[in-house]
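Comments concern the structure below.
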Number of protein chains: 2
Amino acid sequence: MTDCATCVVRNRAICASLNPAELAALGKMGRRQKVRAGQTLLWEGDGAPVVANVLEGVLKLVVSTADGREQIVGVVFPSDFIGRPFGKQSPYCVTAMTDAEVCIFNRGSFEEFAGNHPDLQQKLLRRTLDELDRARHWMMLLGRKSASEKVASFLLEMSERLAGQGCHTDTQAGFELPFGRQQIADILGLTIETTSRQLTKMRADGLLDLPSRREIVINDRAAMEMMAG
Amino acid sequence: MTDCATCVVRNRAICASLNPAELAALGKMGRRQKVRAGQTLLWEGDGAPVVANVLEGVLKLVVSTADGREQIVGVVFPSDFIGRPFGKQSPYCVTAMTDAEVCIFNRGSFEEFAGNHPDLQQKLLRRTLDELDRARHWMMLLGRKSASEKVASFLLEMSERLAGQGCHTDTQAGFELPFGRQQIADILGLTIETTSRQLTKMRADGLLDLPSRREIVINDRAAMEMMAG
DNA sequence: CGTAGTTTTGAACAACGTCAACGGCTGTGG
DNA sequence: CCACAGCCGTTGACGTTGTTCAAAACTACG
């Protein structure tokens, strides 16, 4: 059982559609769970027994081929929803990129609850439509953009999404990525070497600074947008 | 006003969730519209004034860069839903690949109707979740698969989806694609030349036959699945 | 038959991947 | 506090895949 009153994403997650009584009912079904960086919450092809809201941290959705190649197909932040309601199995695996905390529900119970709460279902629909838009733009990036365009697009999107999280709004230009080079490569459909070379080149061209492994400071946002294509 | 009683996708489209009275109400808001091959129904960045169900034909969802590169991010068949409810603007353009017919609604009216009909909204949610799964698998294809794997995956998926349409179920192996080489290339994130070469090579290897420009006959499905990765 | 559009084929090229070595943090234990 | 090991990121040389550019073959259609 979860105490929704103290929930940090109370107003941003899909739960925002519920009144106090409804929230209490849903809260009884959910429980908070901590997830360590690297730990996997849901496996690809799994029965997808749970759904969850992200309270804290960042998780990735990964699809793999039989021979071990990986593509990250989604990155989720606090207040985002994870899992696959109304489906037989999870089409991807969900792994924490940082230490994280989620509010977890049995999938069947959640589906039943959702069926009786149209407002919740509408919020979920809106979120899913947004995710679909994002996925489709990402498809354009994967299918048609060059390495430099990919990296530039990625940095711009991340700077926006991280700012949206309210984490590092102080300076809109600089931010800390919640993941390393290999994971950037898995997001962009590149190798780690190509990713690294592109970043190095951008630094050489004065487009950005790399104060530490995971920090990015965009010096020339206009040029970066130009480069993103 | 639309006569839903004669609708060919009555039982497969999201409208299947409605009872006769509700259907009559929705029918009053919709109208049938024919779309010629090549004609665009919705533009990228548009105000997205309409949503629709596909009655007949095949349409593509396209995202373009400023310099004219195109990526097809979705292909819709009869009974599929198109448009972007609850959004400010359409994130891609929707163009008919064959002559088509759609059942079209004003977006605002549709949203209001949906708000009062949770079952309809749930059907739409399920459909959107399915589309999202499909888009994410497609991302893996775009980001991590080789040209031959892309073409093989594409042919297998198309053979399944076209069979699902009930069009050409007679022989599960052979089917007619509703589009040409350039559009296959735009789906797979390849050039038309690479696509053509891969198909030619597969024919040389005996994996398939190409009786005419748009016909495909898969001879060795197992080998094709192997090749899809 | 001729023409326009599409597809196939060929040759040269560029971008990105692969393989391998190196460098520089980070954390740990002496 | 220093030394060292391990990991992650960077850099370089080279190979492969897919793109580009050009031209020929095919198809549909008047």
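Chain A is the first sequence line, chain B the second, and so forth, proteins listed ahead of strands; every chain is numbered from 1. All values derive from a computational prediction rather than experimental measurement. All values below come from the heavy atoms of this structure, side chains included, with hydrogens, waters and symmetry mates left out.
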| query | To the nearest angstrom, how far is B:Phe179 atom CZ from C:dT6 atom C1'? | reply | 16 Å
| request: Apply side-chain hydrogen bond (donor to acceptor under 3.5 Å, both in side chains) to B:Ser212 and B:Glu215, showing your working. | output: CA-CA 5 Å; B:Ser212 75; B:Glu215 272 178 283; 3.1 Å; yes
| task | Kindly compute the distance separating CZ (B:Arg84) from OH (B:Tyr92), expressed to the nearest 0.5 Å. | result | 7.5 Å
| request: Would you please indicate if the ring centroids of A:Phe81 and A:Phe110 are separated by under 6.0 Å? | output: yes
| request: Please report, rounded to the nearest Å, how far the P atom of C:dT7 is from the CD1 atom of B:Ile184. | output: 8 Å
| request: Calculate the interatomic distance between A:Arg214 atom CZ and D:dC7 atom P; express it in whole Å. | output: 15 Å
| request: Run the numbers on A:Ser64 and B:Arg144 for side-chain hydrogen bond (donor to acceptor under 3.5 Å, both in side chains), then give the verdict. | output: CA-CA 9 Å; A:Ser64 314; B:Arg144 291 299 188 203; over 6 Å; no
| query | Going by atom types only, do B:Arg31 and B:Gln33 share a side-chain donor-acceptor pair under 3.5 Å? | reply | yes
| said: In this structure, how many angstroms lie between the C1' atom of C:dA4 and the CZ atom of B:Arg213, rounded? | reply: 11 Å
| task | For the residue pair B:Thr6 and B:Arg32, confirm or rule out a side-chain donor-acceptor distance under 3.5 Å. | result | yes
| message | Each nucleotide in nucleotides 10-24 of chain D should get exactly one letter: B, S or -. Can you fill that in based on protein heavy atoms under 4.0 Å? | response | SBBB----SBBB---
| said: In whole Å, I'd like the distance from the CG atom of A:Asp186 to the C1' atom of C:dC16. | reply: 16 Å
